[in-house]
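What follows is one structure encoded as structure tokens, with my remarks underneath.
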Protein chains: 2
Amino acid sequence: MALFLSTFVNRIDKKGRTSVPATFRAALAAGAFPGIVAYRSFTSACIEGCGMDFMERLSDGAQAFDAFSDEQENLAALIFADARQLPWDPEGRVSLPEDILAHAGITESVAFVGKGQTFQIWQPDAYKAVEADIRAKALTSRPTLPLRPKPVAGA
Amino acid sequence: MALFLSTFVNRIDKKGRTSVPATFRAALAAGAFPGIVAYRSFTSACIEGCGMDFMERLSDGAQAFDAFSDEQENLAALIFADARQLPWDPEGRVSLPEDILAHAGITESVAFVGKGQTFQIWQPDAYKAVEADIRAKALTSRPTLPLRPKPVAGA
DNA sequence: CATCTCATCCCATGCTATCCCATTAACACC
DNA sequence: GGTGTTAATGGGATAGCATGGGATGAGATG
């Protein structure tokens with residue numbers, strides 16, 4: 001599966017449009033929906049972004065009642081209620097809605113931040129600060145990343 | 001499958017008509033019945049909405065409701081008794097019946113709230129309150145969402 | 001059988017999002 | 001170093017959507 005990698009800073013024009021980074025578009029090309037899905041982060045002043053297929057997986061997970069607590073159900077419902085389908089135009093641009101931009105404090109530039117299976121959208125300076133912070137903590141605590149063994153065929 | 005995402009607030013005109021959000025109509029387009037199915041929520045002051053195909057799945061007792069007990073099957077029967085088929089007009093509007101509106105306290109505006117496989121219809125301010133509540137709880141308890149592995153190829 | 005009421009259809013309108021075309025900039029390739 | 005290609009950006013034109021109101025027809029009611 002294609003992953004969202006790297007960070008891209010793009011401008012917002014006066015119509016409210018932003019180019020989705022070409023590599024992100026390529027990663028989303030496999031899905032049926034030509035665009036992105038965006039919702040406000042619960043924990044940070046940023047926008048969570050993903051593809052429609054990711055939402056469908058969330059929906060599948062939400063149907064397995066045993067796996068979900070009430071809290072988790074509420075949270076999933078909140079995501080669905082808050083998520084917007086943002087189709088891109090022929091040039092690969094999307095219009096980020098006002099309220100979502102406000103939540104992230106975005107005005108004229110946005111940072112698309114790859115997170116692997118998903119990505120985030122930040123006010124560029126805000127992300128710089130957060131990144132520096134995480135990087136500083138990593139230096140002191142030396143975390144390790146667990147690696148899953150390869151399932152069967154190539155990932 | 002097409003999901004119901006995002007929240008849309010629309011007006012009710014003096015004839016009692018409301019536009020079903022275009023994206024919801026698109027999600028329902030796959031079904032045979034050109035309209036929505038609506039019934040009063042058991043748990044909240046809102047209206048549950050879905051497509052006819054979802055009703056059929058409810059009838060089969062298949063997929064979505066594996067985990068339902070006998071008691072919950074009785075609930076399903078109640079749903080059938082309460083549910084209304086609301087076809088939309090050529091412009092995509094439906095007329096929500098009086099008693100259903102009363103149950104949700106709706107007078108002049110309605111909020112269509114996407115829930116993934118289904119959606120809900122709320123009095124806009126009432127939904128705002130509920131949403132704020134859930135969002136606040138999510139912040140404190142920080143639940144995590146289990147994600148099903150991708151159905152097809154490697155993750 | 002006449003009339004009334006309500007629901008549906010049809011047409012009109014304002015706003016906004018979307019499409020299409022043009023321009024600039026960056027990179028790669030020759 | 002020159003050229004071709006792709007990505008990001010800007011702006012005018014168009015189409016779609018939410019909404020309002022009149023007209024028409026079916027069923028209810030007297």
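Within every chain, numbering begins at 1; the chains are lettered A, B, ... in the order of the sequence lines, protein sequences first and strands thereafter.
- Side-chain atoms of B:A22 lie closest to D:dA18 of the nucleotides D:dA18, D:dG10, D:dA8.
- Using a 4.5 Å heavy-atom cutoff, the side chains of A:L28 and A:F4 are in contact.
- Per the geometry, CZ belonging to B:R11 stands 15 Å off C1' belonging to C:dG14, to the nearest Å.
- Residue contacts shown for A:V20 are limited to sugar-phosphate atoms, with no base heavy atom under 4.0 Å away.
- You'll find the side chain of B:F119 stays beyond 4.5 Å of the side chain of B:V113, heavy atoms only.
- Look at CZ on B:F24: it is 14 Å from P on D:dC17, rounded to the nearest Å.
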Readout for nucleotides 4-12 of chain C: B = base within 4.0 Å of protein heavy atom, S = sugar-phosphate only, - = neither; 5' to 3' it is ----BBBB-
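- Atom pair B:F8:CZ and C:dT16:C1' shows a separation of 14 Å (rounding to whole Å applied).
- One atom, CG of A:D13, and another, P of C:dA17, lie 12 Å apart when rounded to the nearest Å.
- Listed for the B:R84 side chain is a donor-acceptor partner under 3.5 Å among the backbone atoms of B:D82.
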Hey, mind stepping through A:E48 and A:Y39 against side chain to side chain contact (heavy atoms under 4.5 Å, CB included) and telling me if it holds? CA-CA 5 Å; A:E48 299 282 346; A:Y39 59 93; 3.5 Å; yes
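- Nearer the 5' end of DNA chain D, as judged by each residue's closest nucleotide, is the contact made by A:S19, out of A:K14 and A:S19.
- A sub-4.0 Å separation between OP1 or OP2 of D:dA18 and a side-chain N or O of B:R25 is present.
- For B:F112, there are no ring-ring contact (aromatic ring centres under 6.0 Å, His included) partners at least two apart in sequence or on another chain.
- Side-chain contact between A:C50 and A:M55 is present, with heavy atoms from C-beta onward closer than 4.5 Å.
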